[in-house]
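Shown next, in structure tokens, is the structure this report addresses.
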There are 2 protein chains.
Amino acid sequence: MAARYELIAAELRDEILAGVHPVGSQLPSEAELAARYSAARGTVRQAVAVLAAEGLVGSRQGARRIVLGGERSQSFAELHSFAQWARSKGHRVGGEVLGQRRRRAGPAELVRLGSPEVLEVLRLRTLEGEPVLLERTVYASWIAGAVEALPPDCVSVTQGLYESVGLVFAYGEHLIDAVAAGSEDARLLGVRRGSPLLRQRRVTTTQEGRPVEWSDDRYRAGSVAFSIRNSIGANPLTRLALS
Amino acid sequence: MAARYELIAAELRDEILAGVHPVGSQLPSEAELAARYSAARGTVRQAVAVLAAEGLVGSRQGARRIVLGGERSQSFAELHSFAQWARSKGHRVGGEVLGQRRRRAGPAELVRLGSPEVLEVLRLRTLEGEPVLLERTVYASWIAGAVEALPPDCVSVTQGLYESVGLVFAYGEHLIDAVAAGSEDARLLGVRRGSPLLRQRRVTTTQEGRPVEWSDDRYRAGSVAFSIRNSIGANPLTRLALS
DNA sequence: GGTCTGGCCTTGTTTGTACAAGTTCCCCTA
DNA sequence: TAGGGGAACTTGTACAAACAAGGCCAGACC
């Protein structure tokens, strides 16, 4: 995080959040910024590209960049790890492992994880003491041992695995939809059977592209939402038709 | 779309999709690609940055880039416009306007659209003849006339507004969660009251950052899902705690 | 046989330059 | 006064060069 363009991006982001550049206003031109920071125009371009990727500013050829929005997301971890996200937002987060066992991988799991044997873990996560999330996670066998070695009250699995074996979750693919609560979901989350749940299914891989986990996370309705900013020409989210 | 780096990105994307670079394999180095396309290294970097943003490839300093995944999303329109998305995927899409009226903006709408009067439109969209989506959209007053002038059976509002008044939707902010179907939702979508719906609320703005519409879209569960790829260091999606 | 180190390879960062393409806005004209 | 033309400004694209930082591997060493 010592890169020049990241420092400039951070400074501009702070200015935007502080209201120096209000929503709807124009950002200084690249030339002005380059002069202000004594940096080359390319470096400034990299900095504002970061802000554009975050959805903070929009840009069009020929016109000044426009400030689009206020607060913004930061890290990959925030989307990936429930605990890290919750803590960064100042929530009180808890959780416990309800069940854990090794078994043979089903065909779908074999395709996603490339591992004949898997470790299945059922976790309940709480926010401010209220149960909000039920995680059904399946880990590839090569990492199963490290997962089992984690303390049962480990709040952040992501962080735990990083500290114990140096594993870094680097890439993820997520599928988001809505489902009705099954009887187990209902009992554990404290809702009625059939009530709506927000479901996030994801595969996570290491930096080398090796799959680590495949998870089915179900949020109680009204507890959590997903937010995304997009722009013409930069669009990471897609719809998918089911069935 | 005549830019050099876009052409290179398109060619590499095609190669990946065609299996020339299988998932998990290494992409040629920047130097090799630069030589192959007789382009500067910077141009090649821009091209692979596009693929990285799409989640197709991952990269780490020091190591060759890795191919992460297969098919990918394309356009902003795909997320923004239900009709354009459905048609691009080869689905048969239909829809009708169920109600439309002008009224004074509520406080939340005033904040989001900055318009004291709004046009409220209720639309039902179908996929392969089945109702899957109920849209409750509120338009800012300055565009309301153009919306009313659209034919009632207009399949794509986005496209209709572009053709009639040249309006381009450029930026969007989306909030995704799950809700229970209300009685109106249930009747129109053909599901039981209280059954789960996937809700997407969004504000869309023009290129200048002017808000155009604020919409509450509800999908029948099991009909549509949202998909996203992310990576450490590039993460557009965020969780939000509600209440 | 295992481990460690050093060199090579590859990606990341930065600067500088030049031109292309689109926007904005003022001034001039009808 | 309304409209058109054009100059100035701003972002987009492309090239070239150099060094930094981290990964990878083979050969040396214990």
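In the text below, chain A, chain B and the rest are named by the order of the sequence lines, each starting its count at 1.
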Integer-rounded Å distance: D:dA14 C1' and B:Glu6 CD: 13 Å
Taking OP1 and OP2 of D:dT11, is either one under 4.0 Å from a side-chain nitrogen or oxygen of A:Ser59? no
Looking at the side chain of A:Gln61, which of D:dA21, C:dG22, D:dT10 is the nearest nucleotide? C:dG22
Interatomic distance where CD belongs to A:Gln207 and P belongs to D:dG23 [whole Å]: 8 Å
Separation of C:dT11 atom C1' from A:Gln46 atom CD, nearest Å, is 13 Å
Could you work out which one of D:dT13, C:dT11, C:dT13 sits closest to the side chain of A:Arg45? D:dT13
Checking the side chain of A:Glu109 only, and the main-chain atoms of A:Gly106 only, is there a donor and an acceptor separated by less than 3.5 Å? yes
Considering every strand and a 4.0 Å limit on heavy-atom distances, what is the contact class for B:Ala39: base, sugar-phosphate, or nothing? sugar-phosphate
Of B:Arg64 and B:Glu208, the one whose nearest nucleotide on DNA chain C sits closer to the 5' end is B:Arg64
Out of D:dT10, D:dG12, C:dG16, which nucleotide sits closest to the side chain of A:Ala40? C:dG16
Interatomic distance, A:Tyr37 OH vs C:dT15 C1' [rounded to whole Å]: 18 Å
It should be established whether A:Arg60 places a side-chain nitrogen or oxygen under 4.0 Å from OP1 or OP2 of nucleotide C:dT24. yes
Under-4.0 Å side-chain N/O to phosphate OP1/OP2 contact, A:Arg65 with D:dG12: yes
Rounded to whole angstrom units, what separation is found between the OH atom of B:Tyr5 and the C1' atom of C:dA20? 14 Å
What is the distance, to the nearest angstrom, from the CG atom on B:Leu51 to the P atom on C:dT11? 13 Å
Got a salt bridge between B:Glu117 and B:Arg102, using NZ or NE/NH1/NH2 to carboxylate O under 4.0 Å? yes
Residue whose closest nucleotide on DNA chain D lies nearer the 5' end, B:Arg41 versus B:Gln26: B:Arg41
Please report, rounded to the nearest Å, how far the P atom of D:dT13 is from the CZ atom of B:Arg4. 14 Å
Flag, side chain of A:Ser164 to backbone of A:Gly160, donor-acceptor distance under 3.5 Å: yes
Nearest-nucleotide comparison on DNA chain C, the residue closer to the 5′ end among A:Val44 and B:Glu30: B:Glu30
I'd like to know if the side chain of B:Ser115 and the backbone of B:Val118 have a donor-acceptor N/O pair within less than 3.5 Å. no
Rounded off to whole Å, could you give me the CG-to-C1' distance for the B:Leu27 and C:dC9 pair? 16 Å
Would you say that B:Tyr5 contacts B:Arg45 through its side chain, given a criterion of any heavy-atom pair below 4.5 Å between the two side chains? no
